[in-house]
Amino acid sequence: MHQALAEGWSTGAALDDMEEEPAKQRGWRPANPLFKLPNVIVTPHAAYYSEESVRTVRTIAVEESVRVLTGRPARFPVNELTVGSHLSRGG
């Protein structure tokens, strides 16, 4: 990606965080060369953050947990189970 951006094969990139998330640690200095390019925007993987969004995420997590633990299907499953799949047969 760095080569494509630096040499103009791509005009820009907007990235949601980097592999170097230790940016939250005191004294951390990025080593990734993408940070030095003027055509790269990086968000700190917290762009969604607000008190309302945290409250909403927690509410959904609790409601989904209660649904599944009381035998009802999840409203927002990560993986859809299908009849005949090994997971739906308990294995």
Side-chain angles (χ1 to χ4, degrees):
M1 180 179 280
H2 182 273
Q3 183 177 1
L5 292 163
E7 295 180 8
W9 307 349
S10 182
T11 58
L15 308 170
D16 181 36
D17 204 356
M18 305 295 287
E19 61 186 273
E20 302 172 49
E21 198 165 355
K24 298 173 185 166
Q25 298 174 7
R26 184 178 302 212
W28 176 80
R29 296 289 178 258
N32 194 312
L34 288 171
F35 283 108
K36 296 178 181 167
L37 296 176
N39 54 346
V40 174
I41 297 171
V42 181
T43 65
H45 201 62
Y48 79 95
Y49 184 79
S50 69
E51 288 184 28
E52 183 178 346
S53 66
V54 170
R55 190 171 32 257
T56 299
V57 167
R58 289 178 179 167
T59 299
I60 290 171
V62 169
E63 289 172 351
E64 286 291 273
S65 297
V66 170
R67 287 180 66 81
V68 171
L69 292 172
T70 58
R72 294 178 289 162
R75 291 182 307 152
F76 307 107
V78 174
N79 297 314
E80 292 286 340
L81 297 180
T82 59
V83 174
S85 73
H86 71 284
L87 292 174
S88 65
R89 292 191 304 263

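- Among all heavy-atom pairs drawn from Ala74 and Val68, the shortest one is CB-CG2, 3.8 Å.
- At a threshold of 4.5 Å between non-hydrogen side-chain atoms, the residues Val66 and Arg72 count as touching.
- Scanning both residues, Glu64 and Phe76, for their nearest heavy atoms gives OE1-N, 2.8 Å.
- Here the side chains of Met1 and Leu15 are in contact, with some heavy-atom distance below 4.5 Å.
- The number of heavy atoms from other shown groups lying within 6.0 Å of CD (Glu51) does not exceed 12.
- Thr56 meets the side chain to side chain contact (heavy atoms under 4.5 Å, CB included) test with Glu52, Ile60; sequence neighbours excluded.
- Taking Ala61 as the reference, nothing meets the side chain to side chain contact (heavy atoms under 4.5 Å, CB included) condition, with sequence neighbours excluded.
- Arg58 meets the side-chain hydrogen bond (donor to acceptor under 3.5 Å, both in side chains) test with no other residue; sequence neighbours excluded.
- Shortest non-hydrogen contact noted between Leu5 and Thr11 is CD2-C, 4.4 Å.
- With a 6.0 Å radius and a threshold of 12 heavy atoms from other residues, nucleotides or ligands, Ile41 has its CD1 atom at or below the threshold.
- Side-chain atoms of Leu34 and Val42, non-hydrogen and from C-beta on, never get closer than 4.5 Å to each other.
- Distance check, rounded to the nearest 0.5 Å: CG of Leu69 to CZ of Arg67 gives 12.0 Å.
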